[in-house]
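One structure is given below, encoded as structure tokens.
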Amino acid sequence: MDNIKSLIRENILSLSPYSSAREEYSGTEGIFLDANENPFGNLNRYPDPNQYRLKQILSSQKKVNLENILIGNGSDEIIDLVQRVFCEPKEDAIIVCPPTYGMYQVYANINDLKLIEIPLTNDFQLNSQAILAQKAKVLYLCSPNNPTGNSLENLEFIIKNFNGIVFLDEAYIDFSNQPSLIEKVKKYPNLIVSQTFSKARGLASSRVGIAYANASIISFLSKVKPPYNVSKLNQESAVNSLSDETMFKNNIALIIKEREKLKSALLEIAFVTKIFPSDANFLLVEMEKSDEVFDALIQKQIITRNRSSVVKNTIRITVGTPKENELLMYTLQLIADEKSIIYR
Ligand SMILES: *Cc1c(COP(=O)(O)O)cnc(C)c1O
């Protein structure tokens, strides 16, 4: 896997990207009459198209170089960018391993790509042989996986042997004991690791995602991304969140503690049949009559995610505040006591 360029679409190889005003003059002092901005106001100037300050902090915290980092408008933008850089519509394929995050497939449909599905095994692990037997430009892996919650094994073996780009989605890695594979982008030229500020950093509303990869991949993704893809407010919110690591760690520790508490409490509920192992901030819970329980929870204004269509008889429950989790458990017990409603 040494020639990344051979995987890139021809029109992207030869693309001259839009050169924005802030790209052509990046100084901060002076009278700016170059970008047709309004001279009055607080948010009147375009944001830094290279998100320099944010990348600088990430670079020192994660021990990777600036040129190995791309900032996206959420990691969803990065999922799409990768397809548009590498995959020719109507010709190329991506591989997904369901049950997993739905956006890989949605973007493949939008970008008119072929979709190869290699389902996870019964214990939600990768079917390595079946994956490596396929030909595709991009393989999407998610670890810890959404909606199952578990971490995937054998990742490095697949990255090493897959003849294409491996997009490793680490949206939930900060809740897990498993190490991130960020530093492996130095070793594997075909690896893209994506992370997000939406989950562990609590900034879902800010829309900030990150891709880590070798400099060549990052430069092609940068060429294709809209110049001002992340607003100034959102860049600042991400920078601010990185300045308080103690709060970040405490917050995660609390969520993990609550997850474990929730797990034991859920097992006490009569209709709960199984809780899948989770390294994330949610639990996939198997139960009798899951559709009815899901509806009954909504009746009581507790909104969970019905995942029965992808994993039989399950709902996915995000770990909330201690108070919210207590209310959830109280309500589930109530539903169990009113069994007649459910088992009618
Ligand atoms: C929530 C989630 C994301 C986050 O996407 P953003 O666009 O960064 O908010 C990415 N991947 C997975 C698997 C997720 O569950």
Side-chain angles (χ1 to χ4, degrees), residues 51 54-55 58 62 69-84 94-108 110-111 117 119-120 124 126 138-152 155 165-176 178 180-182 191-213 221 225-226 229-231 233-235 237-239 241-242 248 251-252 255 259 276 278-284 303-307 309-311 314-320:
Q51 301 98 14
L54 178 53
K55 283 184 192 169
L58 289 170
K62 304 286 184 183
I69 307 174
L70 176 106
I71 306 296
N73 192 275
S75 35
D76 283 349
E77 182 181 47
I78 299 170
I79 293 168
D80 178 42
L81 275 179
V82 168
Q83 294 186 3
R84 289 193 285 138
I94 67 154
I95 302 176
V96 296
C97 304
T100 192
Y101 188 47
M103 287 306 281
Y104 317 133
Q105 170 168 1
V106 169
Y107 279 122
I110 293 170
N111 293 323
E117 293 184 282
L120 296 175
F124 298 142
L126 296 169
V138 185
L139 163 64
Y140 284 91
L141 303 177
C142 185
S143 182
N145 186 41
N146 178 6
T148 58
N150 63 299
S151 300
L152 300 178
L155 289 172
I165 299 295
V166 177
F167 185 103
L168 177 60
D169 189 335
E170 291 189 339
Y172 298 98
I173 194 71
D174 292 313
F175 299 109
S176 157
Q178 300 294 313
S180 163
L181 293 197
I182 286 180
L191 173 64
I192 301 173
V193 176
S194 95
Q195 294 191 357
T196 178
F197 281 78
S198 296
K199 307 287 157 64
R201 293 253 166 218
L203 287 178
S205 121
S206 275
R207 314 304 306 125
V208 183
I210 318 156
Y212 298 95
L221 294 175
K225 87 168 180 60
N229 62 329
V230 183
S231 82
L233 294 174
N234 297 349
Q235 291 186 44
S237 71
V239 165
S241 111
L242 292 170
F248 172 62
N251 188 267
I252 286 176
I255 289 173
R259 178 186 75 202
F276 292 93
S278 173
D279 287 333
N281 66 334
F282 57 83
L283 292 169
L284 186 68
I303 325 305
T304 62
R305 197 88 195 269
N306 191 344
R307 295 285 77 187
S309 58
V310 286
V311 183
T314 55
I315 64 176
R316 192 192 67 193
I317 302 176
T318 307
V319 178

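Count residues from 1 along the sequence. This structure is a prediction, so every number in the text was calculated from the model and none was measured. We count ligands from 1, going down the list as the structure has it; atoms in each ligand are counted the same way.
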Fill in the blank from the handout: Looking only at non-hydrogen atoms, the one of Arg207, Met103, Glu77 nearest atom 7 (O) of ligand 1 is Arg207
Problem - Proximity flag Phe197 to ligand 1, non-hydrogen atoms under 4.0 Å - result: no
Exercise for the section: Enter the distance from Ile95:CD1 to Leu126:CG here, rounded to the nearest 0.5 Å. Expected result: 11.0 Å
Problem - Close approach, Ala204 and ligand 1, non-hydrogen under 4.0 angstrom - result: no
Fill in the blank from the handout: shortest atom 12 (C) of ligand 1-to-protein heavy-atom contact is with Asp169 OD2, 3.4 Å
Problem - Asn150 side chain vs Phe124 backbone, donor-acceptor pair below 3.5 Å - result: yes
Fill in the blank from the handout: atom 15 (O) of ligand 1 sits nearest the protein heavy atom Tyr172 OH, 2.6 Å
Handout entry: Donor-acceptor under 3.5 Å (Glu77 side chain, Gly209 main chain)
Key = no
Handout entry: Main-chain N/O of Tyr140 paired to Tyr101 side chain as donor or acceptor, under 3.5 Å
Key = no
Practice task
Look only at interatomic distance and state if Lys199 has a nitrogen or oxygen under 3.5 Å from any nitrogen or oxygen of ligand 1.
Solution key: yes
Exercise for the section: Mark yes or no for whether Asn145, through its side chain, and Pro99, through its backbone, hold a donor-acceptor pair below 3.5 Å. Expected result: yes
Exercise for the section: Could you tell me whether a side-chain N or O of Gln105 sits under 3.5 Å from a main-chain N or O of Thr100, the two making a donor and an acceptor? Expected result: no
Practice task
Report yes if some heavy atom in the side chain of Leu54 is under 4.5 Å from a heavy atom in the side chain of Val230; otherwise report no.
Solution key: no
Problem - ligand 1 atoms in contact with Cys142 (distance to a heavy atom under 4.0 Å) - result: 13 (C)
Problem - For atom 9 (O) of ligand 1, the protein heavy atom that lies nearest, with its residue and separation - result: Ser198 OG, 2.6 Å
Problem - Distance filter under 4.0 Å to Asp76 heavy atoms, resulting ligand 1 atoms - result: 5 (O), 7 (O)
Practice task
Indicate yes or no: at least one non-hydrogen side-chain atom of Leu81 is less than 4.5 angstrom from one of Leu70.
Solution key: yes
Handout entry: Within-shell test, Gly209 vs ligand 1, heavy atom, strictly < 4.0 Å
Key = no
Completion exercise
among protein heavy atoms, the one nearest atom 5 (O) of ligand 1 is Ser75 OG, 3.1 Å
